[in-house]
Amino acid sequence: MRAHASVLHLDLDAFFAAVEQRDKPSLRGKPVVVGGVGGRGVVATASYEARRFGVRSAMSTREARSRCPHAAFLSGRFHAYRESSRLVMGVLRSVSPLVEPLSLDEAFVDLEHAGLPDLEVPTVTGFAEQLRARVAEATGGLTASVGVGTSKFIAKVASDLDKPDGLVVVPPGTEVELLRPRHVSVIPGVGPATAERLRRTGIHTVADLESVSLEELVRLLGRAHGTGLFALARAEDDRPVVPEREAKSVSVEGTHDTDLTDRRLMEALLTRQAGEVAARLRKHGLSGRTVTIKVRLHDFTTLSRSTTLASPTDRTTTIARLARGLLTDLDTSGGVRLLGVGVSGLADWIQDDLFSELAEEEDEEETPVEVEVTTGRRRPTWAPGMDVEHADLGRGWVWGSGRGVVTVRFETADSPAGPVRSFAEGDPALSAWVPAEAGEDPA
DNA sequence: TCTGGGGTCCTAGGACCC
DNA sequence: TCTGGGGTCCTAGGACCC
């Protein structure tokens, strides 16, 4: 916690809906709901006019329609939102080099580097008002709620106190009295599950939370969460404003209006999603080692399965077949409402030098071998995703290996659901398949 | 026909290594 | 045949955020 109120949090009001109302005057003053418009859609943002009818973020669109049938229901124009967000972040960066975006519509700004004459309450208040005016001017009238305090936590709580179009500066030294009477859910990280656990222990307000010992909180919520909440309950927060953070994963998922039951269709969808993930990886110069699929069953049970390559990839073929392979061990007979593919364990280098030229030339696909240049203590001879050839059964790829057994799926472009067989790791009939032009023996 | 999509962080158990 | 501990990596699931 700082001596001065020098952390600012800005939150654009009903952002997606406000952009729609700005760009389409006939929507102004009317209820607007942006979100999924399909049978299983949920509300992303409701305009304040729609909120008066009880429409809220994360509510199903079905329910929103029944509460406010005359609202405009829009599926969203993300290019427009991104563009407005870019303008806002530009304004913020013009006043401080330390701007940390949290999402398209929210950011922290560190005022210690904003060149203010001092950081007293009247000074930062005037500065924040000017900033709000500049945001409105730059975006064609979008309003923002702003909070300023001695930490990220306090600034964020403050920006919520006078929405929409408000400004709250919390004077240094008044943080604890601001927090004590409020419900524990004002603390970021206290969601429904944590709030319920605390409630069952008789903890409702921040003041209640403050009276609980560190040991008790850790016992109740675990090491990380417990220690974090212990500090926040006392308004202790030294987290810095961090301008750039590297992505840790890239994923694509989709919910279907009717449950999927056809495995071939599921495999086709995973393949398409793998292509989107791979394209985004390449666009950002990233590649990753761990491929994960996400499957939500008809009853909303959510499963994930993952596998890790010896070296990172950004290629559709590799990601797609690993994703399809991961699906094979799941029982989807009851129907699947959501399917997704993600890649994590990201590296910002693309490929091994030897193969990067090849990959560039071909610009995706067609380089069948993901050669395992293994580093670290494990050096699997048979790594998941590796192309192999069996003397009798032909070409396939490694689905898994371990305990002396390697499992191969004989799947080709012509026969996407080929058989799966297991072999001893030393089986002489099985060998790594190498493209002729690479001329390298990975084993 | 309740319950999106894109993320982050944490936990816990097992494998494996020293 | 019995007995350890620490550290890291991997997988699966869950809570949470906007």
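What you see is a predicted model, and the numbers here were worked out from it, not measured in a lab. Just so it is clear, the values below take in all heavy atoms, side chains as well, and ignore hydrogens, waters and symmetry mates. All chains are named by letter (A, B, ...) in the order of the sequence lines, taking the proteins before the strands, and each is independently numbered beginning at 1.
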Candidate nucleotides [options], ranked by approach to the side chain of [X] - the nearest:
{"X": "A:Arg289", "options": "C:dC10, C:dC18, C:dA12", "result": "C:dC10"}
{"X": "A:Ser304", "options": "B:dT11, C:dA12, C:dC18", "result": "C:dA12"}
{"X": "A:Ala224", "options": "B:dC10, B:dG7, B:dT3", "result": "B:dC10"}
{"X": "A:Glu253", "options": "B:dT8, B:dT1, B:dG6", "result": "B:dG6"}
{"X": "A:Ala193", "options": "B:dG6, C:dC16, C:dC18", "result": "C:dC16"}
{"X": "A:Thr194", "options": "C:dC16, C:dG13, B:dG5", "result": "C:dC16"}
{"X": "A:Lys248", "options": "C:dC10, B:dG5, B:dT8", "result": "B:dT8"}
{"X": "A:Asp105", "options": "C:dC18, C:dC16, B:dT3", "result": "C:dC18"}
{"X": "A:Arg280", "options": "C:dA12, B:dG7, C:dA15", "result": "B:dG7"}
{"X": "A:Leu303", "options": "C:dC16, C:dG13, C:dT11", "result": "C:dG13"}

Taking any heavy-atom pair under 4.0 Å as a contact, classify [X]: base, sugar-phosphate, or nothing.
{"X": "A:Lys294", "result": "nothing"}
{"X": "A:Gly191", "result": "sugar-phosphate"}
{"X": "A:Val250", "result": "sugar-phosphate"}
{"X": "A:Gly254", "result": "sugar-phosphate"}
{"X": "A:Arg40", "result": "sugar-phosphate"}
{"X": "A:Leu104", "result": "nothing"}
{"X": "A:Asp259", "result": "nothing"}

Cationic tip of A:Arg51 above A:Phe53 ring, under 6.0 Å, 45° of axis: no
Nearest-angstrom distance from the residue atom [atom1] of [X] to [atom2] of [N]:
{"X": "A:Leu286", "N": "B:dG6", "atom1": "CG", "atom2": "C1'", "result": "15 Å"}
{"X": "A:Arg245", "N": "B:dT8", "atom1": "CZ", "atom2": "C1'", "result": "8 Å"}
{"X": "A:Leu338", "N": "B:dG5", "atom1": "CG", "atom2": "C1'", "result": "9 Å"}

Under the criterion salt bridge (Lys or Arg N to Asp or Glu O under 4.0 Å), which of A:Asp238, A:Asp110, A:Asp237 is the partner of A:Arg2? A:Asp110
Can you tell me if A:Glu196 has over 12 outside heavy atoms packed within less than 6.0 Å of its CD? yes
Show the nearest heavy-atom pair for residues A:Ser96 and A:Val109, with the distance to one decimal. CB-CG1, 3.6 Å
Pick the P atom in C:dC18 and in B:dC2, then give their distance to the nearest Å. 28 Å
Pairwise P distance, C:dC17 and B:dT1 [rounded to whole Å]: 32 Å
